[in-house]
S.K.: 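Handing you a structure now.
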Amino acid sequence: TPTSTANRAYRNACIARLWTSISRARHINSYGQTNARLDRLQTLGQQENSKYSPLLSLLEVATFLAPLSIHSRLSTLFIGRVVYQRHWQVFFDDMRRNWSQMCALSVTICMGNILLFSKGSTTLPGIASTSLAGASTFAALYLHSKHPEYLLKTGPDISTYIMSVESYWFGLRPLAIVLAVPQALAIYSALAFQVALLSLLFTGASSVDQSIKALAAVSTGIVPVVVTMNYFSGNTRT
């Protein structure tokens with residue numbers, strides 16, 4: 001009958017979703033292998049749940065330890081296979097806001113470097129600053145496009161996303177490092193721009209007019225403040 005056909009289709013869909021969750025859990029927990037575990041935070045016997053990675057530790061230091069706070073928030077928002085959806089939305093809103101701020105800062109630094117180039121002050125720190133600012137802008141726009149609100153709107157969507165990017169041995173640490181890349185590149189760009197401005201002030205090149213020197217003097221005090229504010233605003237949220 002039509003009713004039984006509809007019920008059968010509904011039942012098959014429910015069974016398929018259940019087996020999808022079971023298969024995903026088996027895959028991430030290495031079901032049937034020697035390194036199998038009960039869950040993300042539960043191992044068997046004396047087996048280690050995570051491994052030490054010198055590369056990840058180096059990357060965390062290179063990104064000014066920003067991934068540590070991101071990883072801390074990720075770990076508290078995703079426990080086992082339970083997702084705290086409301087807090088996740090706040091977290092990704094903060095991340096999108098941070099990426100937008102880094103993008104705006106990088107574009108501003110690029111404009112400052114272009115102004116210096118137009119006046120004949122082409123230095124290696126200035127070129128490096130422009131390249132890093134462009135990379136920060138690209139990374140921020142890429143991450144923003146890969147994490148739109150409509151793709152991470154429901155609990156199952158968020159859970160599926162996290163389990164797809166989670167590493168067996170390193171958990172969510174690689175994801176935290178990736179999410180912090182735009183901020184780190186923007187800070188490096190600002191520091192390189194600072195070096196270019198300081199070299200402009202102390203070399204006293206005759207080809208650079210007084211207006212550019214005034215801009216350099218003002219920016220010398222502004223850039224560290226902007227960088228510090230953006231860094232701590234991204235690492236003190238809870």
Side-chain angles (χ1 to χ4, degrees), residues 28-30 35 37 40-41 43 46-79 88 91-92 94-106 109-110 113 123-147 161-196 198-199 223-238:
I28 194 64
N29 294 317
S30 297
N35 59 335
R37 62 186 181 184
R40 297 172 63 251
L41 305 177
T43 58
Q46 301 298 322
Q47 175 183 317
E48 294 183 358
N49 194 37
S50 60
K51 287 185 176 181
Y52 173 72
S53 173
L55 177 60
L56 292 181
S57 299
L58 179 62
L59 290 175
E60 288 173 345
V61 174
T63 50
F64 304 96
L65 302 181
L68 296 182
S69 62
I70 297 176
H71 181 261
S72 177
R73 294 186 66 181
L74 287 171
S75 300
T76 57
L77 295 175
F78 184 71
I79 301 176
W88 264 95
F91 168 73
F92 273 109
D94 290 341
M95 294 306 304
R96 296 186 191 99
R97 188 180 305 109
N98 180 268
W99 296 332
S100 298
Q101 291 174 353
M102 294 304 103
C103 187
L105 176 62
S106 299
I109 294 174
C110 277
N113 283 312
T123 61
L124 183 60
I127 297 174
S129 176
T130 305
S131 301
L132 290 169
S136 176
T137 302
F138 174 80
L141 294 176
Y142 177 79
L143 290 175
H144 204 289
S145 65
K146 286 296 182 179
H147 300 85
Y161 164 74
I162 290 299
M163 295 185 72
S164 66
V165 298
E166 182 185 27
S167 170
Y168 180 86
W169 290 116
F170 307 116
L172 298 174
R173 286 181 65 192
L175 175 62
I177 293 174
V178 171
L179 297 180
V181 166
Q183 179 175 321
L185 292 176
I187 293 176
Y188 281 120
S189 176
L191 293 176
F193 184 55
Q194 181 78 12
V195 173
L198 290 175
S199 64
V223 170
V225 175
V226 173
V227 172
T228 304
M229 289 176 61
N230 279 280
Y231 175 72
F232 284 105
S233 66
N235 284 278
T236 56
R237 288 192 180 95
T238 57

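In this text the structure is predicted, and so the values were computed from the model without any measurement.
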S.K.: With rounding to the nearest 0.5 angstrom, report the CG to OG1 distance, Leu58 to Thr63.
M.R.: 9.5 Å

S.K.: Would Leu143 and Met95 count as a side-chain contact (heavy atoms from CB on, under 4.5 Å) here? Give the steps.
M.R.: CA-CA 9 Å; Leu143 290 175; Met95 294 306 304; over 6 Å; no

S.K.: What distance do Ile187 atom CD1 and Gln194 atom CD have between them, rounded to the nearest 0.5 Å?
M.R.: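 Rounded to the nearest 0.5 Å, the CD1-CD separation comes out at 13.5 Å.
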
S.K.: Calculate, to the nearest 0.5 Å, the distance between atoms CH2 and CG belonging to Trp99 and Asp94 respectively.
M.R.: 11.0 Å

S.K.: If you compare all heavy atoms of Cys103 against all heavy atoms of Ala140, which two are closest, and at what distance to 0.1 Å?
M.R.: CB-CB, 4.2 Å

S.K.: For His144 and Arg96, which heavy atoms make the closest approach, and how far apart are they?
M.R.: NE2-CB, 3.7 Å

S.K.: Students often mix this up, so state it plainly: with edges at 30° and 60°, are the rings of Phe92 and Tyr161 parallel, tilted or perpendicular?
M.R.: perpendicular

S.K.: With a 4.5 Å heavy-atom cut-off, do Leu175 and Ile162 have their side chains touching?
M.R.: yes

S.K.: Search all heavy atoms of Pro182 against all heavy atoms of Ser136 and return the closest pair with its distance.
M.R.: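 Closest approach of Pro182 to Ser136: O-OG, 2.8 Å.
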
S.K.: Can you find a pair of side-chain heavy atoms, one from Asn98 and one from Leu179, that are under 4.5 Å apart?
M.R.: no

S.K.: Hey, is the main chain of Leu185 close enough, under 3.5 Å, to the side chain of Ser189 for a donor-acceptor pair?
M.R.: no

S.K.: Measure up the Phe138 and Tyr142 rings against each other and bin them: parallel (under 30°), tilted (30 to 60°), perpendicular (over 60°).
M.R.: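 Taking Tyr142 first and then Phe138, their aromatic rings lie parallel (interplane angle under 30°).
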
S.K.: Hey, does Leu191 have a side-chain heavy atom less than 4.5 Å from the side chain of Val195?
M.R.: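 No, side chains not in contact.
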
S.K.: Would you name the heavy atoms of Ile70 and Ala180 that are closest together and state the gap between them?
M.R.: CD1-CB, 3.9 Å

S.K.: Taking side chain as C-beta onward, heavy atoms only, is Phe64 less than 4.5 Å from Tyr188?
M.R.: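 Yes; the side chains approach each other to less than 4.5 Å.
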
S.K.: Any chance you could lay out the side-chain contact (heavy atoms from CB on, under 4.5 Å) test for Leu105 and Gln101, step after step, and finish with the verdict?
M.R.: CA-CA 6 Å; Leu105 176 62; Gln101 291 174 353; over 6 Å; no

S.K.: Under 3.5 Å, side chain of Ser72 to main-chain N/O of Leu68, donor-acceptor pair present?
M.R.: no

S.K.: So which heavy atom on Leu172 is nearest to which on His71, and how close?
M.R.: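 Looking at all heavy atoms of both residues, the shortest contact is C-CD2, 3.5 Å.
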
S.K.: Nearest 0.5 Å, what's the CG-OG1 distance between Leu132 and Thr137?
M.R.: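 Spacing of CG (Leu132) from OG1 (Thr137) equals 10.5 Å.
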
S.K.: Could you report the tightest heavy-atom contact between Ala66 and Ser69, atom names first, then the distance?
M.R.: O-OG, 3.0 Å

